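The structure appears below as structure tokens.
Atoms considered below: every heavy atom in the structure, side chains included; atoms not considered: hydrogens, waters and symmetry mates. All of these numbers come straight from a predicted model, not from anything done at the bench.
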Amino acid sequence: MSAADIKTAGPEVPAPRPPAGDGPAPSAPRRSRWTNGPLLPYLLIAPAVVALAAVFVWPLVKTVIMSFQDVGRKELWTGQAAEWVGLEQFTNILRDGEFYDVLWRTVLFMVVCVVATMAIGLFLAHSMQRMTRVVRLLLTGALIAAWSLPLLVATSIFRWFADSDYGVANMVLTEYLGLDFQGHNWFLDPKQGFLVIGAVVVWGAVPFVAVTLYAALTQVPAELEEAAELDGAGRTGVFRYVTWPVIKPVFQMVATLSVIWDFNVFGQVFLMRGNKPEPEYNLLGLYSYEKAFESNSFSQGAAIALITVLLLSGVAVYYLRQLIKIGDVE
């Protein structure tokens with residue numbers, strides 16, 4: 001037997017043991033189901049959900065409750081329980097002819113503003129594609145500056161434009177176009193007054209529409225437009241059959257947002273008329289405000305606000321469907 005065989009066949013050397021007193025070997029860290037499990041995404045969005053519920057959900061619930069009660073100044077300030085009247089507030093509103101006048105005026109104002117906003121925004125977005133980079137950057141900066149201007153400042157500027165004594169509009173129409181607008185008051189006739197108010201609304205909404213539609217136009221493949229032009233399609237044909245199908249989802253989404261915003265116009269009318277709009281300038285938002293704070297019928301104001309929410313619910317559902325479609329396409 002060789003020395004190697006003797007060495008191999010020798011007694012087995014035991015493995016070293018850990019010194020006495022040491023604890024057990026450390027184990028792998030345990031995963032908490034809160035920090036690493038499926039509940040983590042819900043935990044991360046919980047603060048945002050709580051904030052949204054406090055800002056939007058609770059006021060909506062309170063509005064619904066108030067619309068079925070008879071809440072006056074006494075109940076509002078003393079905390080006294082209000083009387084439940086069921087559908088009485090809604091029936092009183094729906095039987096009032098003034099409500100339908102205000103509703104028709106609101107719908108007409110919204111349609112005019114949305115059409116003007118989308119037309120001007122699409123024109124600017126289409127023009128930005130053909131501008132040089134420097135001009136496009138300057139125009140984009142001007143649009144963003146106009147969009148970020150506070151509503152109070154914007155309405156003050158347009159009130160100065162339409163001022164009967166020192167307004168720029170009257171001066172231009174009188175001195176440069178030869179029309180008799182010296183000392184003309186634009187707000188005596190509600191049609192002319194809404195023309196000025198609509199200009200404020202459109203002026204504030206066009207920047208968002210133009211920048212968004214320009215971003216959509218940049219996604220149109222240039223080779224498709226060139227191929228359509230080579231096939232003999234004019235500018236109208238290229239836009240109709242190539243450009244429009246690409247930007248249509250974004251256009252519909254922006255138009256839907258414009259409908260919601262312009263249907264709820266409040267500040268522009270309220271500020272342009274010196275915080276005291278005449279009845280001829282009432283839109284749904286102002287009508288609700290007047291019933292609640294001037295007539296001290298807070299429940300009627302809440303009922304009108306709830307009717308407005310119900311009227312816009314279909315538009316909101318359509319907007320959410322457009323968002324889902326855009327997400328599926330992407």
Side-chain angles (χ1 to χ4, degrees), residues 59-77 82-117 151 155 158-159 162 185-202 204-205 256 258-316:
L60 180 60
V61 172
K62 190 65 177 177
T63 300
V64 174
I65 295 175
M66 287 180 60
S67 63
F68 292 97
Q69 296 176 332
D70 186 12
V71 179
R73 184 178 297 177
K74 177 181 178 181
E75 290 79 10
L76 186 67
W77 291 107
E83 179 185 359
W84 290 87
V85 295
L87 299 175
E88 181 179 340
Q89 305 294 351
F90 295 95
T91 55
N92 291 338
I93 293 169
L94 296 177
R95 290 175 182 173
D96 187 4
E98 184 182 3
F99 170 76
Y100 295 99
D101 293 338
V102 173
L103 178 60
W104 166 247
R105 190 181 303 127
T106 304
V107 172
L108 182 60
F109 179 79
M110 177 268 296
V111 170
V112 173
C113 289
V114 170
V115 171
T117 300
L151 179 61
T155 52
F158 275 84
R159 284 184 68 182
N185 190 339
W186 289 83
F187 294 98
L188 288 180
D189 184 1
K191 295 179 182 178
Q192 296 182 7
F194 272 115
L195 181 65
V196 179
I197 296 171
V200 182
V201 175
V202 173
T256 307
S258 298
V259 168
I260 296 174
W261 292 337
D262 293 348
F263 198 85
N264 289 298
V265 165
F266 177 87
Q268 290 87 342
V269 184
F270 190 76
L271 294 173
M272 289 290 286
R273 300 310 303 134
N275 303 340
K276 186 68 176 179
E278 296 85 351
E280 295 81 10
Y281 286 94
N282 269 349
L283 302 178
L284 272 179
L286 287 161
Y287 186 58
S288 175
Y289 173 84
E290 179 187 344
K291 289 292 185 183
F293 295 99
E294 294 186 8
S295 302
N296 294 323
S297 180
F298 299 100
S299 291
Q300 276 203 359
I304 297 170
L306 188 58
I307 292 174
T308 304
V309 171
L310 293 176
L311 290 174
L312 289 175
S313 59
V315 182

Pairs of donor and acceptor atoms involving the side chains of residues 269-277, under 3.5 Å and at least two apart or interchain, shall be tabulated with distances.
| from | atom 1 | to | atom 2 | distance (Å) |
| --- | --- | --- | --- | --- |
| Arg273 | NE | Glu278 | OE1 | 3.0 |
| Arg273 | NH2 | Glu278 | OE2 | 2.8 |

Which pair of heavy atoms, one from [X] and one from [Y], lies closest together, and at what distance?
X: Phe187; Y: Asn185; value: N-OD1, 3.0 Å
X: Ser299; Y: Gln89; value: CB-NE2, 3.6 Å
X: Ser288; Y: Gly301; value: OG-O, 2.8 Å

To the nearest 0.5 Å, what is the distance between [atom1] on [X] and [atom2] on [Y]?
X: Lys291; Y: Asn92; atom1: NZ; atom2: CG; value: 9.0 Å
X: Met66; Y: Ser297; atom1: CE; atom2: OG; value: 9.0 Å
X: Thr155; Y: Gln268; atom1: OG1; atom2: CD; value: 8.0 Å
X: Ile197; Y: Gln192; atom1: CD1; atom2: CD; value: 12.0 Å
X: Lys62; Y: Leu60; atom1: NZ; atom2: CG; value: 13.0 Å
X: Trp186; Y: Lys191; atom1: CH2; atom2: NZ; value: 14.5 Å

Option passing ring-ring contact (aromatic ring centres under 6.0 Å, His included) with Phe109 (candidates Phe263, Phe194, Phe266):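 With Phe109 as partner, Phe263, Phe194, Phe266 yield a single ring-ring contact (aromatic ring centres under 6.0 Å, His included), made by Phe194.
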Assess whether side-chain contact (heavy atoms from CB on, under 4.5 Å) is satisfied between Phe68 and Leu87, documenting all intermediate values. CA-CA 6 Å; Phe68 292 97; Leu87 299 175; 3.5 Å; yes
Is it the case that atom CH2 in Trp104 sees more than 12 heavy atoms from other parts of the structure closer than 6.0 Å?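 Count not over threshold, so no.
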Under the 3.5 angstrom rule, does the side chain of Tyr100 hit a backbone N or O of Leu94 as a donor-acceptor pair?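 Confirmed, Tyr100 side chain pairs with Leu94 backbone.
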What pairs of donor and acceptor atoms, side-chain ones from residues 302-313 against any protein atom, are under 3.5 angstrom apart with sequence neighbours left out?
| from | atom 1 | to | atom 2 | distance (Å) |
| --- | --- | --- | --- | --- |
| Thr308 | OG1 | Ile304 | O | 2.9 |
| Ser313 | OG | Leu310 | O | 2.6 |

Does the pair Ile65 and Trp84 meet the rule for a side-chain contact (heavy atoms from CB on, under 4.5 Å), with working shown? CA-CA 9 Å; Ile65 295 175; Trp84 290 87; 3.8 Å; yes
For Asp101, enumerate each residue passing the side-chain contact (heavy atoms from CB on, under 4.5 Å) test, keeping only those at least two apart in sequence or located in another chain.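 Asp101 satisfies side-chain contact (heavy atoms from CB on, under 4.5 Å) with Arg105 only.
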With Asp262 as reference, evaluate Leu283, Val202, Val114 under the side chain to side chain contact (heavy atoms under 4.5 Å, CB included) test and give the passing residue.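 When side chain to side chain contact (heavy atoms under 4.5 Å, CB included) is applied between Asp262 and each of Leu283, Val202, Val114, only Val114 qualifies.
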Give the intermediate values and the outcome of side-chain contact (heavy atoms from CB on, under 4.5 Å) for residues Trp261 and Thr117. CA-CA 12 Å; Trp261 292 337; Thr117 300; over 6 Å; no
Kindly assign one of parallel, tilted or perpendicular to the pair Phe293 and Phe298, based on the angle between their ring planes and the thresholds 30° and 60°.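 It falls in the perpendicular class, over 60°.
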